[in-house]
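The structure appears below as structure tokens.
Quick caveat: nothing in here was measured; it's all calculated off a predicted structure. Proteins come first, then strands; the chains are lettered A, B, ... in the order of their sequence lines, and each starts at number 1.
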Amino acid sequence: MGNPRVIYWFRTDLRLHDSPALKAALDLNPDVLWPIFTWDPHYVYRAKGGVNRWQYLFDCQNDLSESITKLNPKSKLFVVREAPQTVMPKLFKAWKVTHLVFEKDTDSYGRERDKVVVDLAKKAGVKVISPYGRTLWDSDDLVVQNGGKPTMSITQLQAAGKKVGKIPRPLPAPKHLPDPGDMPLDFGLESPDPKPDVNAPLRDGKDQAYTSLAGPKGDFAIETLEELGFPAATTPHRGGETRALKALEHIIADEEYAATFQKPKTSPAAFRPQSTTLLSPHLHFGSLSVRLFYWRVQDLVDKYKGASSPPESLTGQLLFRDMYFAAQAAIGSPFVQTLNNPYVRFVPWHLPSKAEAGTETGTNAASGAYHVDTPQADQWFQRWKHGVTGFPWIDALMRQLRAEGWIHHLGRHAVACFLTRGGCYVHWERGADVFEELLLDHEPACNAGNWQWLSCTAFFAQYYRCYSPVAFGQKWDKEGALIRHYVPELKDLDQKYIYEPWKAPRAALDKAGVKVEGDGLGERRKGTYPEPMLDFGERRGVCIAAIKTAYSIGLHGNDQQVKDGTWRKLFEDAGEAEMEQFEGSDHDDDGEFADDAEQEARKGAGKRGAAKQGPMDKHVKRLKA
DNA sequence: GAACAGGTTGTTGTG
DNA sequence: CCACAACAACCTGTT
């Protein structure tokens with residue numbers, strides 16, 4: 001019956017350049033090829049995604065669609081508004097499809113979804129082709145070459161990569177595309193259940209994502225923020241392959257920058273322009289191929305005298321990305337959480353995920369639901385999340401993240417360390433939840449892996465190396481330009497106090513027109529900036545001691561004690577005072593949450609007793625009951 | 001098995 | 001300006 005009739009299913013490979021999957025589709029020499037995108041309720045309702053990232057997705061889709069139309073005026077990106085798991089079999093039949101081609105996915109939801117679709121295709125007699133294209137090497141191949149184990153260090157990744165083989169050279173974009181075939185939709189729309197909708201709080205209008213299969217005009221149009229009920233985006237960063245390629249060429253054109261790049265020497269305080277490439281969102285949406293990026297840099301490095309090398313170099317950054325992908329490929333869905341993850345250390349952080357709060361039921365932390373073990377920790381978390389911690393460096397970064405969807409990698413280090421092991425002792429999964437919502441470049445594997453790294457629960461263990469919310473920023477930005485821009489209430493404060501406004505004398509504050517008062521939550525008075533929410537020096541000591549205890553106990557996410565809650569006894573016996581408190585638990589017998597001073601007294605002369613004697617209660621105030 | 005080196009990206013103080 | 005040690009000390013991999 002003639003030549004192949006191919007659906008090319010675009011997902012997170014929104015590009016025409018260097019797409020092995022698209023090449024595979026065209027190599028079939030198809031009669032017809034439908035470039036489609038399916039609207040997935042998982043991302044609309046179940047996964048957190050901020051407005052900025054949705055805008056970026058639509059940028060990518062619109063740019064891709066225009067590029068397709070340039071190759072073939074009859075074609076474009078056709079958006080089908082139904083879940084792939086239900087709509088694909090209907091399309092196979094109605095469009096008489098012979099082949100389905102897509103780029104192999106990397107995250108665990110995507111892989112599970114694809115397994116379902118592949119099975120449906122098999123049943124319908126549709127051949128599936130899905131080469132990898134999102135990473136330097138196929139993550140599954142890396143795992144095999146790493147002995148079936150997750151790549152937990154850059155040396156392991158490099159060794160495994162060497163065994164897998166040379167990173168493929170980028171492929172050119174196609175010069176022409178076949179016509180799309182007819183697209184009859186002689187079947188009903190299966191609307192998803194919009195509840196639970198984790199993005200509901202972000203919507204200020206009516207959600208109309210799934211009103212009809214081919215969109216409101218029946219033309220398979222790309223969606224808009226309005227149709228999702230979202231307000232306007234706030235980020236200046238915009239997506240699309242055209243922009244991505246231009247940005248890459250701009251970076252390569254500065255040969256010294258690209259060839260001698262050393263990540264630890266780039267400033268987290270730089271903005272407009274930032275000190276790193278800002279290409280990560282393009283990698284996330286696939287509007288830039290990672291191998292195209294790699295080889296453009298590597299070819300330059302090969303001819304450049306005095307180039308930097310991995311892991312600090314530009315290509316080294318891409319190796320870390322592959323390391324996280326391959327770790328996730330080996331561990332599977334528990335990779336993004338503590339529970340059931342054999343490679344993540346168990347630490348009894350505050351605000352644990354609901355699934356982790358002492359039962360063995362529940363397998364993932366993706367819902368974002370968490371147990372408020374102490375109101376104090378939740379207040380710290382809320383203040384961190386909204387950029388009102390009272391530490392200007394932290395607040396500037398968190399506000400930049402919220403408004404723009406991107407902050408420098410070392411800025412992410414600073415805020416992540418502060419939330420977890422370097423201040424608040426709040427669970428890294430809470431921080432990962434916030435990054436998941438706000439980052440344009442959010443990648444489940446990289447996000448989880450980096451949070452594990454920074455919280456010293458996997459990949460990295462030197463927990464005594466702690467970022468100061470004051471000194472680290474000062475090292476890069478003495479004048480506090482980043483703070484002045486993102487925390488405008490402090491913009492006129494003397495450089496001497498810009499990182500520590502609580503130390504400023506009244507005259508300096510008056511001169512700058514700012515008062516240091518309040519906790520920053522709720523309605524904030526104009527011309528005020530909040531008081532610091534904790535004493536960093538004290539908290540640093542408390543956290544290091546608590547993590548030392550957790551290390552010595554040595555539990556991991558898959559240990560029985562972690563699943564059944566008996567870990568608690570081990571930590572009590574070790575005299576751990578910072579651990580989670582639960583209503584009705586032994587540590588909470590009066591029905592109220594114990595404050596730290598009380599816990600300290602209870603703990604008695606534990607092995608860390610002497611070091612922690614002193615003014616904890618002065619710094620960590622009890623909230624009103 | 002002990003010793004040691006290395007780990008992209010800490011801070012503070014000294015010389 | 002830099003280098004280096006102390007801080008209190010983790011892990012993994014190699015010899």
Euclidean distance, atom [atom1] of residue [X] to atom [atom2] of [N] [Å, nearest integer]:
X        : N      : atom1 : atom2 : result
A:His413 : B:dT8  : NE2   : C1'   : 9 Å
A:Trp393 : B:dT11 : CH2   : C1'   : 15 Å
A:Gln474 : B:dG10 : CD    : P     : 17 Å
A:Lys265 : B:dT9  : NZ    : C1'   : 11 Å
A:Phe418 : B:dT11 : CZ    : C1'   : 16 Å
A:Phe472 : B:dG10 : CZ    : P     : 7 Å
A:Leu157 : B:dT8  : CG    : P     : 11 Å
A:Phe459 : B:dT9  : CZ    : P     : 15 Å

| request: Taking atom P in both C:dA8 and B:dA5, compute the distance separating them and give it to the nearest angstrom. | output: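 My reading of the P atoms in C:dA8 and B:dA5 gives 22 Å.
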| message | Could you tell me how far C:dA6 sits from B:dT8 if I compare only their P atoms? Round to whole Å. | response |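 Approximately 24 Å lies between the P atom of B:dT8 and that of C:dA6.
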| said: Would you say A:Tyr324 and A:Asn450 are linked by a side-chain donor-acceptor pair, where the criterion is simply a distance under 3.5 Å? | reply: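 Yes.
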| query | Is it true that the side chains of A:Asp395 and A:Thr389 contain a donor and an acceptor less than 3.5 Å apart? | reply |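 Yes, because at least one side-chain N or O of A:Asp395 sits under 3.5 Å from a partner of the opposite role on A:Thr389.
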| task | Give the B/S/- string for nucleotides 9-15 of chain C, one per nucleotide from 5' to 3', where a protein heavy atom under 4.0 Å of the base yields B, of only the sugar-phosphate yields S, and otherwise -. | result | BBS-S--
At under 4.0 Å between heavy atoms, what does [X] touch on the DNA or RNA strands: base, sugar-phosphate, or nothing?
X        : value
A:Trp476 : nothing
A:Phe320 : base
A:Ile547 : nothing
A:Gln317 : base

Indicate yes or no: does [X] engage [Y] in a salt bridge with an N to O separation below 4.0 Å.
X        : Y        : answer
A:Lys548 : A:Glu576 : no
A:Asp441 : A:Arg412 : yes
A:Glu436 : A:Arg53  : no
A:Asp535 : A:Arg539 : no
A:Arg169 : A:Asp18  : no

| message | B:dT11, OP1 or OP2 - any side-chain N/O from A:Arg465 closer than 4.0 Å? | response |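 For A:Arg465, the contact criterion (side-chain N or O under 4.0 Å from OP1 or OP2 of B:dT11) is not met.
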| field | N or O in side chain of A:Lys475 less than 4.0 angstrom from B:dT11 OP1/OP2 | value |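 Checking B:dT11 against A:Lys475, a side-chain N or O does come within under 4.0 Å of OP1 or OP2.
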| request: Would you kindly check if the NZ (Lys) or CZ (Arg) of A:Arg238 is within the cone defined by 45 degrees around the ring axis of A:Tyr56 and under 6.0 Å from the six-membered ring centre? | output: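 Because its charged atom misses either the 6.0 Å distance or the 45° angle limit, A:Arg238 does not stack over A:Tyr56.
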| query | Considering residues, nucleotides and ligands other than A:Glu256, do more than 12 of their heavy atoms fall under 6.0 Å from its CD? | reply |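 Open: at most 12 neighbouring heavy atoms sit under 6.0 Å from CD of A:Glu256.
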| note | Secondary structure of DNA chain B per the Watson-Crick/G-U criterion (both distances under 3.5 Å; [ ] crossing, | other strand, . unpaired) is .||||||..||||||
| said: Tell me if the centroids of the rings in A:Phe335 and A:Tyr343 come within less than 6.0 Å of each other. | reply: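 Centroid distance A:Phe335-A:Tyr343: not below 6.0 Å, so no.
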